[in-house]
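These numbers were taken from a predicted model, which means no experiment stands behind them.
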Amino acid sequence: MKRLLVSIHDVGPRFEREVDLLLEQLARHVPLRALAMLVVPDHMGQHLLIPGSPFATRLRNWADQGVSMFAHGWFHRDDSVHDGMSARLRARHMTAGEGEFLGLDGPRAAQRMANARTLIAQITGRDVAGFIAPAWLYGVPARAALAQAGFALAEDHMTVWHPPSGRIVARGPVITWASRSRVRIAASLFAARVLPPLLGFAPVARVAVHPGDAHVPALRASIDRTLARMTRTHMPARYADLLAA
């Protein structure tokens with residue numbers, strides 16, 4: 001069976017309206033039990049997810065309906081000073097200063113992972129499905145900390161893996177969109193046209209949406225087209241199904 005994994009990134013009180021819009025849209029293509037939400041506990045240090053708050057209650061309700069909850073960093077903000085040209089280029093061009101785990105040392109990465117896991121589990125009443133770094137960017141220390149943290153799953157742009165063992169459970173690019181500029185919008189629309197035919201025969205395909213997508217009609221239309229096409233060849237599934245397979 002070919003599997004389709006669909007996720008909403010940057011879930012938290014900062015983007016409650018956008019999450020609602022995207023969830024309503026995705027639910028037309030994928031059942032709730034096959035969706036994943038990537039939860040940011042304190043977006044940019046300004047929007048703390050508080051147990052017992054209205055949004056926390058909604059998060060618990062979504063989890064009760066089967067939505068898989070991933071820890072998605074803590075701040076979703078990159079405060080690190082990067083050593084090396086490669087890291088600086090990735091931090092500058094692959095994300096708008098949001099690659100939180102690209103430059104963290106091991107102890108700080110491990111602590112933020114643990115804090116996020118504990119908070120989300122406290123709110124939802126169950127352990128997280130895994131950890132996914134903001135912007136899919138991991139520095140070497142963060143990857144090492146992740147391998148020791150005991151999360152069941154992690155992913156980057158090209159792979160999904162089991163951190164304790166390092167075993168890769170899915171390969172292939174994630175279909176996603178970018179809304180920060182006209183150039184990025186155009187580039188992501190092009191990728192969303194090209195990738196579905198190439199992934200039609202892949203065992204696992206991934207689609208990820210972000211809050212900014214909710215405000216760009218062209219991106220929302222592209223998301224609908226992409227999911228309509230991918231659900232013809234792939235069955236919506238949970239990330240945890242990859243481990244069962």
Side-chain angles (χ1 to χ4, degrees), residues 3-44 47-73 76 98 116 119-121 123-132 134-136 153 155 160 174-180 185 188-189 192 196 204-232 234-241:
R3 293 178 169 87
L4 175 65
L5 309 178
V6 181
S7 59
I8 303 176
H9 285 225
D10 307 346
V11 173
R14 165 67 178 85
F15 294 116
E16 184 169 8
R17 177 171 174 268
E18 289 83 356
V19 170
D20 283 340
L21 291 171
L22 292 169
L23 187 60
E24 179 184 9
Q25 180 175 8
L26 298 182
R28 297 197 293 266
H29 303 276
V30 178
L32 276 179
R33 58 178 173 74
L35 284 175
M37 289 185 173
L38 278 57
V39 180
V40 182
D42 189 8
H43 193 271
M44 297 294 168
H47 302 275
L48 181 63
L49 179 58
I50 300 172
S53 66
F55 190 83
T57 299
R58 301 191 71 196
L59 206 64
R60 174 67 177 256
N61 290 338
W62 287 324
D64 288 344
Q65 294 177 73
V67 176
S68 301
M69 299 294 171
F70 282 80
H72 192 41
H76 210 287
E98 296 179 339
L119 178 63
I120 297 167
I123 288 171
T124 64
R126 66 210 76 201
D127 195 11
V128 297
F131 177 86
I132 298 173
W136 291 290
L153 289 165
E155 73 169 14
V160 184
V174 60
I175 303 173
T176 191
W177 292 263
S179 59
R180 282 195 285 124
I185 289 171
S188 61
L189 289 173
V204 177
R206 291 178 290 153
V207 172
V209 300
H210 293 79
D213 303 340
H215 300 295
V216 184
L219 296 185
R220 295 195 66 182
S222 177
I223 291 167
D224 276 330
R225 287 193 301 270
T226 298
L227 289 173
R229 173 153 190 164
M230 296 308 301
T231 51
R232 291 200 296 266
H234 290 67
M235 179 72 68
R238 297 167 61 83
Y239 273 79
D241 295 339

Checklist entry - Could you go step by step and tell me if Trp62 and Ile8 meet the side chain to side chain contact (heavy atoms under 4.5 Å, CB included) rule? => result CA-CA 12 Å; Trp62 287 324; Ile8 303 176; over 6 Å; no
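Across every non-hydrogen atom of Val30 and Ala34, the tightest pair is CG1-CB, 3.6 Å. Smallest separation of non-hydrogen atoms from Ala237 and Asp241: CB-OD2, 3.5 Å. Scanning all heavy atoms of the two residues, the minimum distance from Leu119 to Pro51 falls at CD1-CG, 3.7 Å. Taking every heavy atom of both residues into account, Ala116 and Ala71 meet most closely at CB-CB, 3.9 Å. Scanning all heavy atoms of the two residues, the minimum distance from Leu189 to Ala218 falls at CD2-O, 3.6 Å. Shortest non-hydrogen contact noted between Ala135 and His72 is N-CE1, 4.3 Å.
Side-chain contact between Val204 and Val160: absent, with no pair of heavy atoms (C-beta onward) separated by less than 4.5 Å. In this structure, the side chains of Leu219 and Ser188 come closer than 4.5 Å at one or more pairs of heavy atoms. Using a 4.5 Å heavy-atom cutoff, the side chains of Arg60 and Arg126 are in contact. For the pair Pro196/Ile175, a side-chain contact is recorded, criterion being any heavy-atom separation below 4.5 Å from C-beta on. Between Leu21 and Gln25 the shortest side-chain heavy-atom distance does not fall below 4.5 Å. At least one side-chain heavy atom of Leu153 sits under 4.5 Å from a side-chain heavy atom of Phe70. Looking at Arg17 and His215, their side chains come closer than 4.5 Å, going by heavy atoms from C-beta outward.
Judged by distance alone, the side chain of His76 and the main-chain N or O of Met44 form no donor-acceptor pair under 3.5 Å.
Here the CG atom belonging to Leu23 is positioned 4.5 Å from the CE atom belonging to Met37, to the nearest 0.5 angstrom. Here CZ of Phe55 is found 7.0 Å from CG of Leu49. Values are rounded to the nearest 0.5 Å. A distance of 7.0 Å separates CE in Met69 from OG1 in Thr124, rounded to the nearest 0.5 Å. Once rounded to the nearest 0.5 Å, the distance linking CG of Asp64 with CG of Leu59 reads 10.0 Å. Between Thr176 atom OG1 and His9 atom NE2 the span is 6.0 Å, to the nearest 0.5 Å. Separation of atoms OG1 (Thr226) and CG (Leu4) is listed at 10.5 Å; rounding is to 0.5 Å.
Every pair passing salt bridge (Lys or Arg N to Asp or Glu O under 4.0 Å) that includes a residue from residues 27-44 is listed here, sequence neighbours excluded: Arg28-Asp224. The salt bridge (Lys or Arg N to Asp or Glu O under 4.0 Å) pairs that include a residue from residues 204-218 are Glu155-Arg206, where partners are two or more places apart or lie in different chains. Legend: ring-ring contact (aromatic ring centres under 6.0 Å, His included) pairs involving residues 11-35, not counting sequence neighbours, sorted by first then second residue: Phe15-His43.
Ring-plane geometry between His210 and Trp136 is classed as perpendicular, the angle between the planes exceeding 60 degrees on a 0 to 90 degree scale with a lower cut at 30.
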